[in-house]
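Have a look at the structure below, then the notes.
Just so you know, these numbers use all the heavy atoms, side chains as well, and skip hydrogens, waters and symmetry mates.
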Amino acid sequence: MKILIITTGGTIGMDQDSDGVNVADTNKTDNLIRILNYKKERLGIAEIVSKSILNKDSTNIVMDDWKIIVQTIVDSYDDHDAFIITHGTDTMGYTMSAVSFALGNLGKPVCFTGAQAPIGVIGTDTIINLDNCLRVLAERKDLVGVFLVFGTQIVTGTKVKKQTELDYDAFKCSRRFRGLGVIGNQIIYNEHEIALHLSFLKPYAKKAAQLDVKNAFEPNIIALSEFPSLNPDIIINLADIGVKGFVIRSYGDGNPNVASLNATYNCLRSAFDFLRKKKIPIIVTTQTPGGVASMTQYQPAIYARELGAIPGNDISIEAATVKLSWLLAQGFTYEKICELLVTSIRGEIQKC
């Protein structure tokens, strides 16, 4: 096995200055390889090399950076058996969703990881997270595609959501999604979820020329959290200035304030109707942690669906935003985008 570690920045490659502020440090990134190389023979790994393509706090990651990461994997695909990508935790879910959608039939593992504390800090989680990446890659050569190894969790790429800025288990899985595995002194794999994860990737690409690469994203979208008295004119004005798609984090099971079709007060009905007529997609998710935006239980949600709103079901805000951006960039019709938004393409929806 030959592994390429692609570094993009984040806490895992940082150090702390005299004030205790985490700052980028290229030398720390280089040290990661030296730390891992002495363990490779025990795991049957022939080679571990690194390539630094970005050195950013993940807060500063943009869509063009997603494209760089995807292209780096494509360009290096034939020379390596597996990839580890180090990335900051704050936007990890967005980047992993982007890579998952952009590379449709990965036949090799693309394992993301990071850290909650820089490598030079006493008690850092850097080493254990990298160790666990190697353990998973060595033990489960059948586990291909995009997935996260972090803390005690293994998570498919479109289900990654940061839950805490403090705990070393930053990406705890919800009770609705168990993840691909749990890491301790042994690794317990969830074979049902692994089989589901793999089912979206077939037929596996063995060579770069076989990869299904769709590496484009539409930046002119917006994600809004609904709140009482959200002015529908704001949504209409955003569409008028060029916003091509909307993600609305609504209440409960995806229950936006549309009210009845005959309501006289200022609800979102006019905005949703405007977007439908303009063929601008709007996907509704939920503000409820671990909730499912089925949009089936209450009248406002049902009216919203009649006005073109698309239920996000159990998709995360990260995956919903990236998926909408990606679908728009592929040039699909409005009708096809609406269809695909409720279709699980990379395992992003599991509670339809």
Side-chain angles (χ1 to χ4, degrees), residues 6 8-12 54 56-70 73 83-103 106 110-116 125 129 133 145-181 193 197 200 217 219 221-225 247-249 283 285-293 312-327 341 344-351:
I6 301 169
T8 67
T11 300
I12 194 169
L54 300 167
K56 285 188 170 185
D57 186 305
S58 71
T59 302
N60 305 130
I61 291 288
V62 295
M63 290 182 179
D64 283 344
D65 297 325
W66 301 345
K67 298 176 188 178
I68 292 170
I69 294 169
V70 169
I73 295 168
F83 303 88
I84 297 174
I85 300 179
T86 61
H87 193 285
T89 56
D90 285 349
T91 59
M92 184 88 82
Y94 291 96
T95 298
M96 292 190 66
S97 290
V99 177
S100 298
F101 288 119
L103 295 172
L106 280 167
V110 177
C111 176
F112 277 74
T113 196
Q116 291 282 67
D125 54 333
N129 284 341
C133 289
V146 180
F147 58 90
L148 174 74
V149 172
F150 200 108
T152 65
Q153 303 294 319
I154 310 172
V155 187
T156 192
T158 55
K159 285 293 186 183
V160 171
K161 172 179 281 293
K162 188 175 182 180
Q163 304 286 347
T164 171
E165 84 292 345
L166 176 66
D167 296 354
Y168 280 176
D169 254 342
F171 299 92
K172 297 175 183 176
C173 288
S174 71
R175 61 185 175 86
R176 293 185 180 275
F177 175 70
R178 293 175 52 204
L180 303 180
E193 293 293 346
H197 165 85
F200 296 101
F217 303 91
I221 63 170
I222 196 162
L224 297 173
S225 286
V247 180
I248 301 291
R249 294 181 69 247
I283 181 171
T285 66
T286 175
Q287 298 174 25
T288 306
V292 174
N313 291 289
D314 71 335
I315 196 169
S316 68
I317 188 67
E318 295 88 346
T321 307
V322 174
K323 183 177 183 180
L324 178 59
S325 167
W326 180 76
L327 289 172
L341 281 172
S344 194
I345 298 174
R346 305 282 189 269
E348 69 280 4
I349 301 171
Q350 293 193 10
K351 299 289 179 182

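Of all heavy-atom pairs between Gly114 and Asn129, the closest is O-ND2, 2.9 Å. Ala102 and Val70 make their closest contact through CB-CG2, 3.8 Å (heavy atoms, listed as atom of the first residue, atom of the second, distance). Closest approach of Phe217 to Pro219, counting heavy atoms only: O-CD, 3.4 Å. Between Leu103 and Leu106 the shortest heavy-atom distance is CB-CG, 3.8 Å. Phe150 and Ala115 make their closest contact through CE1-N, 3.5 Å (heavy atoms, listed as atom of the first residue, atom of the second, distance). When all heavy atoms of Gly157 and Ser100 are compared, the pair lying nearest together is CA-OG, 3.7 Å.
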Applying side chain to side chain contact (heavy atoms under 4.5 Å, CB included) to Ile85 and Thr95, what does each step give before you reach the verdict?
CA-CA 11 Å; Ile85 300 179; Thr95 298; over 6 Å; no
Set out, in order, the CA-CA distance, both residues' side-chain angles and the distance that settles side chain to side chain contact (heavy atoms under 4.5 Å, CB included) for Ile6 and Ile84, then state yes or no.
CA-CA 6 Å; Ile6 301 169; Ile84 297 174; over 6 Å; no
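Distance check: Lys161 NZ to Met96 CE gives 14.0 Å after rounding to the nearest 0.5 Å. From Gln153, atom CD reaches atom CG of Leu180 across 10.0 Å, with rounding to the nearest 0.5 Å. Distance CD1/Ile61 to CD1/Ile69: 5.5 Å, rounded to 0.5 Å. Between the CG atom of Leu148 and the SG atom of Cys133 there is a distance of 8.0 Å, given to the nearest 0.5 Å. Taking CE of Met63 as the reference point, atom CD1 of Ile221 lies at 5.0 Å (rounded to 0.5 Å). Here CD of Glu165 is found 12.0 Å from OG1 of Thr11. Values are rounded to the nearest 0.5 Å.
Listed by chain and number, the residues in a side chain to side chain donor-acceptor pair (under 3.5 Å) with Ser325 amount to none (sequence neighbours excluded). Listed by chain and number, the residues in a ring-ring contact (aromatic ring centres under 6.0 Å, His included) with Phe112 amount to none (sequence neighbours excluded). Applying the side chain to side chain contact (heavy atoms under 4.5 Å, CB included) test to Ser225 and every residue at least two apart in sequence or in another chain returns Arg249, Gln287. Partners of Asn60 by side chain to side chain donor-acceptor pair (under 3.5 Å), not counting sequence neighbours: none found. Annotation: side chain to side chain contact (heavy atoms under 4.5 Å, CB included) contacts of Asp90 (sequence neighbours excluded): Ser58, Thr59, Lys162. Every residue meeting the side chain to side chain contact (heavy atoms under 4.5 Å, CB included) condition with Glu348, not counting sequence neighbours, appears here in chain and number order: Phe101, Thr158, Ile315, Ala319, Lys323, Ser344, Ile345, Arg346.
Between Lys159 and His197 there is no side-chain heavy-atom pair separated by less than 4.5 Å. With contacts defined as side-chain heavy-atom distances shorter than 4.5 Å, the pair Leu54/Ile68 qualifies. The shortest distance between side-chain heavy atoms of Cys111 and Phe83 does not fall below 4.5 Å. In this structure, Glu318 and Thr91 have side chains that are not in contact, with every pair of non-hydrogen atoms separated by 4.5 Å or more. Residues Val62 and Lys56 form a side-chain contact, since some pair of their non-hydrogen atoms from C-beta on lies under 4.5 Å apart. Taking the side chain as every heavy atom from C-beta outward, Thr156 and Val146 never approach each other to under 4.5 Å.
When each of Ile222, Thr285, Val322 is checked for a side chain to side chain contact (heavy atoms under 4.5 Å, CB included) with Val247, only Thr285 meets the rule.
Using modelled atom types, no side-chain atom of Gln116 and backbone atom of Gly151 make a donor-acceptor pair closer than 3.5 Å. Side-chain N or O atoms of Thr8 include one that pairs as donor or acceptor with a backbone N or O of Thr86 at under 3.5 Å.
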